[in-house]
There are 2 protein chains.
Amino acid sequence: MNQPKTDPRILRTRKLIMDTFMELSGKKEFKDITVTDIAAEAMINRATFYYHFEDIYDLLEKVLSEVLVVNLDCSNYQDNELNEEVITSIFVAITNFQKSLSNRCHRGYEDTIARNIREQLEIIFYRMLLKQHKTEEDEGLKITAVILSWGIYGASVEWKRQSNKITPEEFIQLAIPHLLHKHDI
Amino acid sequence: MNQPKTDPRILRTRKLIMDTFMELSGKKEFKDITVTDIAAEAMINRATFYYHFEDIYDLLEKVLSEVLVVNLDCSNYQDNELNEEVITSIFVAITNFQKSLSNRCHRGYEDTIARNIREQLEIIFYRMLLKQHKTEEDEGLKITAVILSWGIYGASVEWKRQSNKITPEEFIQLAIPHLLHKHDI
DNA sequence: TTGGTTTTGTCGCTTATACAACACATTGAA
DNA sequence: TTCAATGTGTTGTATAAGCGACAAAACCAA
């Protein structure tokens, strides 16, 4: 909560770069976007890009995280209880996110995106589990988070496969009873 | 045309400040807007404001100029012929500009705005007259520009007074025949 | 393959912006 | 009036961002 206040210039420039990247992603495929493009479009110096990001893959990952986190913050996952409502909203957020990406970054980087989504989920689930169990570190919870993240992510893939037949909410809620009753304390 | 490329940071920050000011102008009256407000809203340091502008009046004038110039650039006054078409488009630009300001900066600063509009007009007319007459400097043309600028500005005030009765285009074109035939070579 | 073009990271130096502190005005309520 | 709060300009110092240049890598057509 009490971070030492990051320099506003950093926030501005990061946002500018990320926004520009997302805008470009709407026009070209990821593989055709260069750092030089981004710098030109954002009207920043290319060196400034490297001040903030390791390379373009680093940027991609951070943008994905950001968008996911924003989506998830809109829902109320901060209640930090791993209940039906939270899982549903997370699932909806993911499917929304994937829909919003469906015209961007198509070929060749689904892998990167998928990996990133799952990793983010793992982090989120782990945090929630830790809070729920009031511990500091726990290998068991870590593994649980891995399983949950893969599971939820896989569900979103499956939902996409049979899309239009059922809403994300309905879809996930078909499974929830079977999941939660096993994990409840 | 070949300026030595102003630093992109300057362009960015100036635009940010101006945009923020215009946004705030939509919410408060000019007299209630402080430099501190602008800096806070734009998330820049207050000292940065003073790096670009003398004070808030300086900002106001520059914003007005900017908006006017943009309005005028949209029309085709760069054909630098002082003909019927150009005068009409300038007049329309001014009335549009005043309409767009009607909910902002009301009480107490019509004077500043008016003065600024007229000064801009004077500059524009002088430039056009110089080009038209292909001279470098001319006291007579300068005075002519003064007269034209006051005249056109006054016309816009008069039009506003009896608004809704007639379009700006029609209004100014009632006078144009009487003006141009005297100034034509 | 070759060789030309583009992109990538990185570096040293300059400049714009952040921040905190300051003295001074202006305001507004007691 | 007086006092407290708020706004104004300004300054010194730290840091982010700009710029040009560079070698190396990646790309691509001949």
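So that the names make sense, note that chain A is the first sequence line, chain B the second, and so on, each numbered from 1.
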Checklist entry - Can you check whether A:Tyr51 has a side-chain N or O nearer than 4.0 Å to OP1 or OP2 of D:dA16? => result yes
Checklist outcome for this item: B:Ile33 atom CD1 is separated from D:dT8 atom P, nearest whole Å, by 11 Å
Checklist entry - Taking atom P of C:dA16 as reference, at what distance in whole Å does atom CG of A:Asp7 sit? => result 17 Å
Item to check | Heavy-atom check, side chain of A:Asp55 versus side chain of A:Asp58, under 4.5 Å | outcome: yes
Next on the checklist: Does D:dG9 have OP1 or OP2 under 4.0 Å away from a side-chain N or O of B:Tyr50?
Outcome noted: yes
Checklist entry - D:dA16 P sits how many Å from A:Arg46 CZ, rounded? => result 20 Å
Checklist entry - Of A:Arg9 and A:Ala47, whose nearest nucleotide on DNA chain C comes first from the 5' end? => result A:Ala47
Next on the checklist: When you measure from the side-chain N and O atoms of B:Thr13 to the phosphate of C:dA16, is any distance below 4.0 Å, counting only OP1 and OP2?
Outcome noted: no
Item to check | Residue mapping more 5' on DNA chain C - nearest nucleotide basis, A:Glu54 or A:Pro8 | outcome: A:Glu54
Next on the checklist: Measure CG/A:Asp37 against P/C:dT7 and give the value in whole Å, please.
Outcome noted: 7 Å
Item to check | Between D:dG7 (P) and B:Tyr57 (OH): distance, integer Å | outcome: 14 Å
Checklist entry - Has A:Arg12 got a side-chain N or O lying under 4.0 Å from the OP1 or OP2 atom of D:dA17? => result no
Checklist entry - Would you say a side-chain N or O of A:Thr36 is under 4.0 Å from OP1 or OP2 of C:dT8? => result yes
Item to check | Test log, rule side-chain hydrogen bond (donor to acceptor under 3.5 Å, both in side chains), inputs A:Asp138 and A:Thr135 | outcome: CA-CA 7 Å; A:Asp138 187 309; A:Thr135 58; 4.7 Å; no
Checklist entry - Using a cut-off of less than 4.0 Å, is there contact between a side-chain N or O of A:His52 and OP1 or OP2 of D:dA17? => result yes
Checklist entry - From the list C:dT7, C:dA18, D:dA16, which nucleotide is the closest neighbour of the side chain of A:Ile10? => result D:dA16
Checklist entry - What closest approach, in Å, do B:Arg46 and B:Thr36 show between heavy atoms, and which atom pair accounts for it? => result CD-OG1, 3.6 Å
Item to check | Spacing of A:Ile17 atom CD1 relative to D:dA16 atom P, expressed in whole Å | outcome: 14 Å
Next on the checklist: Just to be sure I understand the rule, does A:Ile56 reach a base, reach only the sugar-phosphate, or reach nothing, if contact means heavy atoms closer than 4.0 Å?
Outcome noted: nothing
Checklist entry - How close or far is atom P of C:dA18 from atom CG of A:Leu11, stated in whole angstroms? => result 11 Å
Checklist entry - When the distance from CZ of B:Phe49 to P of C:dC19 is rounded to whole Å, what number comes out? => result 18 Å
Next on the checklist: Looking at A:Trp159 and A:Phe91, would you say the former's side chain and the latter's main chain have a donor-acceptor pair under 3.5 Å?
Outcome noted: no
Item to check | Validation row: B:Leu130, B:Glu136 side chains within 4.5 angstrom (heavy atoms) | outcome: no
